[in-house]
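Every number for a ligand or one of its atoms is a count from 1 in the order of the listing.
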Amino acid sequence: MTRALHWFRDDLRLADNPALLAAAGDGPVLCLYILDEGGNRRSLGGASRWWLSRSLKALAAALEEKGGALILMRGDPLTILPALVESARIARVTWTRRYDAASVALDKALKETLTRAGIEVQSFNGSLLNEPWEVTSKAGQPMKVFTPYWRAARERGEPARPLPAPRTIERLALPDSAAGETLALADLRLEPRRPDWAGGLREAWTPGEAGAGARLESFIGSGLSGYAEDRNRPDRESTSRLSPHLRFGEIGPRQIWHALAMARQGGEAAGSDTDAEKFLSELGWREFSYHLLFHNPDLASRNYDSRFDAFPWHDDPEAQRRWQRGQTGIPLVDAGLRELWTTGWMHNRVRMVVASFLIKHLLQDWRAGEAWFWDTLVDADPANNAASWQWVAGSGADAAPYFRIFNPVTQGETWDPKGAYVRRWVPELAKLPPGLIHQPWKASAAMLREAGIDPGKSYPQPMVDLGLGRQRALDAFAAIKGS
Ligand SMILES: Cc1cc2nc3c(=O)[nH]c(=O)nc-3n(C[C@H](O)[C@H](O)[C@H](O)COP(=O)(O)OP(=O)(O)OC[C@H]3O[C@@H](n4cnc5c(N)ncnc54)[C@H](O)[C@@H]3O)c2cc1C
């Protein structure tokens, strides 16, 4: 019989959790979550803290159903874990690996300390199809371009089958000396209070493993139909919305992969093979982002392409504030940022458009946008967020070239043709016809009056002329191109 401790981090689930299974295999388990707000780790943003709170609540209930209990603590794991392991006479510690530099360093230090104390430490891959170091070029080097990366990943074959949840979890009682360190969920103060801005998040999401499973099932059963094309349509619920569940490890990619494969075999998956392959390749982008993060630890703070170090950014806090609030006067951009503010999520196509607008039309450093997304997204992810911002900026690996500047009007007309998405999130424009809703500045005075719009008062004038802004961005890029 082994007394074990499973340290939950970004793996807030029971099924397909190899580290939890290894802990629960042959004896009582102490299930622990530590809110780590200091050290070198980047603190979670507000929306992620809300999600975490709900997810921990769901996890605690699921563990109790199996006989276990979730213990919550706050502080530095490097201090907490060795002391707890000693006082609770733990023989084995398990965790699921993380890949950001600070976590890798922390895990390494802990492993050394615990192993020196005679404790068995086991870490597992529970959040990726392939470890970041497993996919390499033929010469054994990290990959820089997505298509060959994904081809090489696919050539490694099917990912391992997901594991079941432990049948039961025997609860390991905390010694009195440690019991005083434990906290109730409310003590972690993860949810906003004054003001409580999380109403829209509560309406939109069901954090936790059960919520993740339900979303996957309904996506495979119906949502996947037409995904390859419709995934670009923000006016339709056309993507899985699994991203925050994946971020917090309430579901793992192996589970998604095999659930889809089984449904396809059984003829129960909606959509075509093209839809399914496209969806899998999006999981591939997530894998590629982790590959990039692992090999470029400062992906969120340093240009992957160092030519961008000389880029003449305009540091304009007022412009950034208008962008954050969805008050730019460009309807699709404002709709996206308001969707983000209300629900903690934004459609991928619109993420690209708002990011391009901030970086290129407003010439603001991509790191300002990355930080805002980090604070407001429920799926704020150390790899996906950094890699995607750099991708849009043109400074990343396999990035969109800098001269590819999204035109938010054309994007709106193509992907939100009737303007339903803008109408939903920018209701002050709701009465404009589809031909004008993406460019209200083209409406006649009579039409604006009829639609109840007072330009500059009920809805802002565009903060930049799109044509001039585009030219200014191209000129700025020309300045660094040869460097
Ligand atoms: C500027 C910018 C910032 C972004 N920040 C994040 C972030 O912080 N966290 C995050 O998870 N995604 C981020 N993305 C990627 C993408 O927008 C979201 O993953 C996607 O919109 C989530 O919705 P979904 O779950 O319905 O996606 P689906 O289309 O259903 O895709 C399934 C899963 O694949 C992964 N995925 C999809 N697209 C991408 C992508 N382009 N890059 C990496 N993984 C992808 C996600 O895990 C997603 O849940 C960002 C994109 C941009 C342009």
Side-chain angles (χ1 to χ4, degrees), residues 10 42 44-45 47-48 51 100 127-129 146 149-150 204-205 212 215-216 218-220 223-224 226-234 236-253 255-257 259-260 271 275-293 299-300 323 333 336-337 339-340 343-360 366-400 404 406 411:
D10 297 335
R42 191 175 185 186
L44 292 180
S48 295
W51 188 285
D100 61 283
S127 59
L128 293 174
L129 299 172
F146 173 72
Y149 168 85
W150 189 228
W205 301 102
R215 220 173 246 283
L216 176 64
S218 92
F219 181 68
I220 292 179
L224 186 60
Y227 175 84
E229 253 306 298
D230 285 359
R231 61 182 284 277
N232 286 306
R233 297 280 303 256
R236 299 187 175 156
E237 187 143 342
S238 53
T239 64
S240 71
R241 300 191 186 219
L242 282 166
S243 51
H245 299 289
L246 274 162
R247 158 66 184 86
F248 285 92
E250 298 167 355
I251 194 164
Q255 292 170 292
I256 298 177
W257 181 289
L260 179 57
D275 293 328
E277 284 304 318
K278 188 74 200 158
F279 178 64
L280 291 179
S281 81
E282 295 308 319
L283 290 180
W285 274 100
R286 176 175 179 273
E287 299 276 315
F288 183 53
S289 300
Y290 272 90
H291 180 79
L292 291 174
L293 177 69
L299 195 65
W323 177 85
V333 173
L337 288 155
E339 178 182 34
L340 172 62
T343 67
W345 187 88
M346 194 197 300
H347 187 277
N348 179 59
R349 167 73 37 183
V350 191
R351 289 188 205 206
M352 293 194 286
V353 172
V354 305
S356 169
F357 183 76
L358 181 76
I359 297 166
K360 298 180 183 176
W366 61 266
R367 283 160 282 222
E370 197 273 347
W372 181 249
F373 270 31
W374 182 260
D375 196 25
T376 52
L377 277 172
V378 285
D379 64 24
D381 182 286
N384 288 357
N385 201 35
S388 299
W389 274 94
Q390 294 232 37
W391 184 88
V392 178
S395 62
D398 197 10
R404 178 155 172 223
F406 283 94
Q411 290 289 315

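Using a 4.0 Å cut-off between heavy atoms, Ser243 contacts ligand 1 through both its backbone and its side chain. By the criterion of a heavy-atom distance under 4.0 Å, the side chain of Leu246, and not its backbone, is placed next to ligand 1. Under 4.0 Å from ligand 1, the heavy atoms of Trp345 that appear belong solely to its side chain.
Not one N or O of Trp285 is nearer than 3.5 Å to an N or O of ligand 1, by distance alone. For ligand 1, the polar-atom distance check against Met352 finds no nitrogen or oxygen pair separated by under 3.5 Å. Polar contact with ligand 1: absent for Ser289 (N/O pair, distance under 3.5 Å). Note: an N/O pair closer than 3.5 Å links Asn384 and ligand 1 by distance alone.
Residue contacts with ligand 1 do not include Phe219, since none of its heavy atoms lies under 4.0 Å from the ligand. Within the 4.0 Å heavy-atom cutoff, Trp374 does not count among the residues contacting ligand 1. Ligand 1 does not have Phe288 within reach: every non-hydrogen atom of the residue lies 4.0 Å or more from it. Not close to ligand 1: Arg231, with no non-hydrogen atom less than 4.0 angstrom away. Within the 4.0 Å heavy-atom cutoff, Arg247 does not count among the residues contacting ligand 1.
Note on residues 375-398: pairs passing salt bridge (charged side-chain N to carboxylate O under 4.0 Å, His left out), not counting sequence neighbours, are Arg351-Asp379.
With a 6.0 Å cutoff to the six-membered ring centre and a 45° limit on the axis angle, Arg42 counts as a cation-pi contact of Trp374.
Set against the non-hydrogen atoms of Leu377, the atoms of ligand 1 under 4.0 Å away are 5 (N), 7 (C), 8 (O). Set against the non-hydrogen atoms of Arg286, the atoms of ligand 1 under 4.0 Å away are 43 (C), 44 (N), 47 (O). Close contacts between ligand 1 and Leu242 involve ligand atoms 25 (O), 49 (O) [criterion: under 4.0 Å to a heavy atom]. Here is the list of ligand 1 atoms found below 4.0 Å of a heavy atom in Ala380: 8 (O).
Ring orientation note: the planes of Phe373 and Trp323 are close to parallel, at an angle under 30° on the 30°/60° scale.
With rounding to the nearest 0.5 angstrom, the CG atom of Asp230 is 12.0 Å from the CD atom of Glu237. In this structure, Leu377 CG and Glu370 CD are separated by 9.5 Å, a value rounded to the nearest 0.5 Å. Taking CE from Met352 and CD from Gln411, the interatomic distance works out to 7.0 Å, rounded to the nearest 0.5 Å. The CH2 atom of Trp345 lies 6.5 Å from the OG atom of Ser243; values are rounded to the nearest 0.5 Å. Of the inter-residue distances, the one linking Gln255 atom CD with Leu242 atom CG reads 10.5 Å to the nearest 0.5 angstrom. Note that CG of Leu246 and OG of Ser240 are 7.5 Å apart. Values are rounded to the nearest 0.5 Å.
The protein non-hydrogen atom at the shortest distance from atom 3 (C) of ligand 1 is Asn385 OD1, 3.4 Å. Summary of contacts: the protein heavy atom closest to atom 28 (P) of ligand 1 is Tyr227 OH, 3.5 Å. The shortest contact between atom 14 (N) of ligand 1 and any protein heavy atom is with Arg351 NH1, 3.5 Å. Scanning the protein for heavy atoms near atom 21 (O) of ligand 1, the closest one is Asn348 CB, 3.4 Å. Nearest protein heavy-atom contact of atom 32 (C) of ligand 1 is Phe279 CE1, 3.5 Å. For atom 30 (O) of ligand 1, the nearest non-hydrogen atom of the protein is Ser240 OG, 2.6 Å. Looking at atom 36 (N) of ligand 1, its nearest protein heavy atom turns out to be Glu282 O, 3.4 Å. Counting only heavy atoms of the protein, atom 2 (C) of ligand 1 lies nearest to Ser388 CB, 3.4 Å.
Counting only heavy atoms from C-beta outward, the side chains of Trp285 and Trp391 approach each other to under 4.5 Å.
Evaluated for a side chain to side chain contact (heavy atoms under 4.5 Å, CB included) with Pro382, the options Asp10, Leu293, Leu299 yield exactly one hit, Leu293.
In this model, no donor atom of one side chain and acceptor atom of the other lie less than 3.5 Å apart for Arg286 and Asn384.
Applying the salt bridge (charged side-chain N to carboxylate O under 4.0 Å, His left out) rule to Arg404 yields no partners; only residues at least two apart in sequence or on another chain are considered.
Trp150 places no side-chain N or O within donor-acceptor distance of the main-chain N or O of Phe288, the cut-off being under 3.5 Å.
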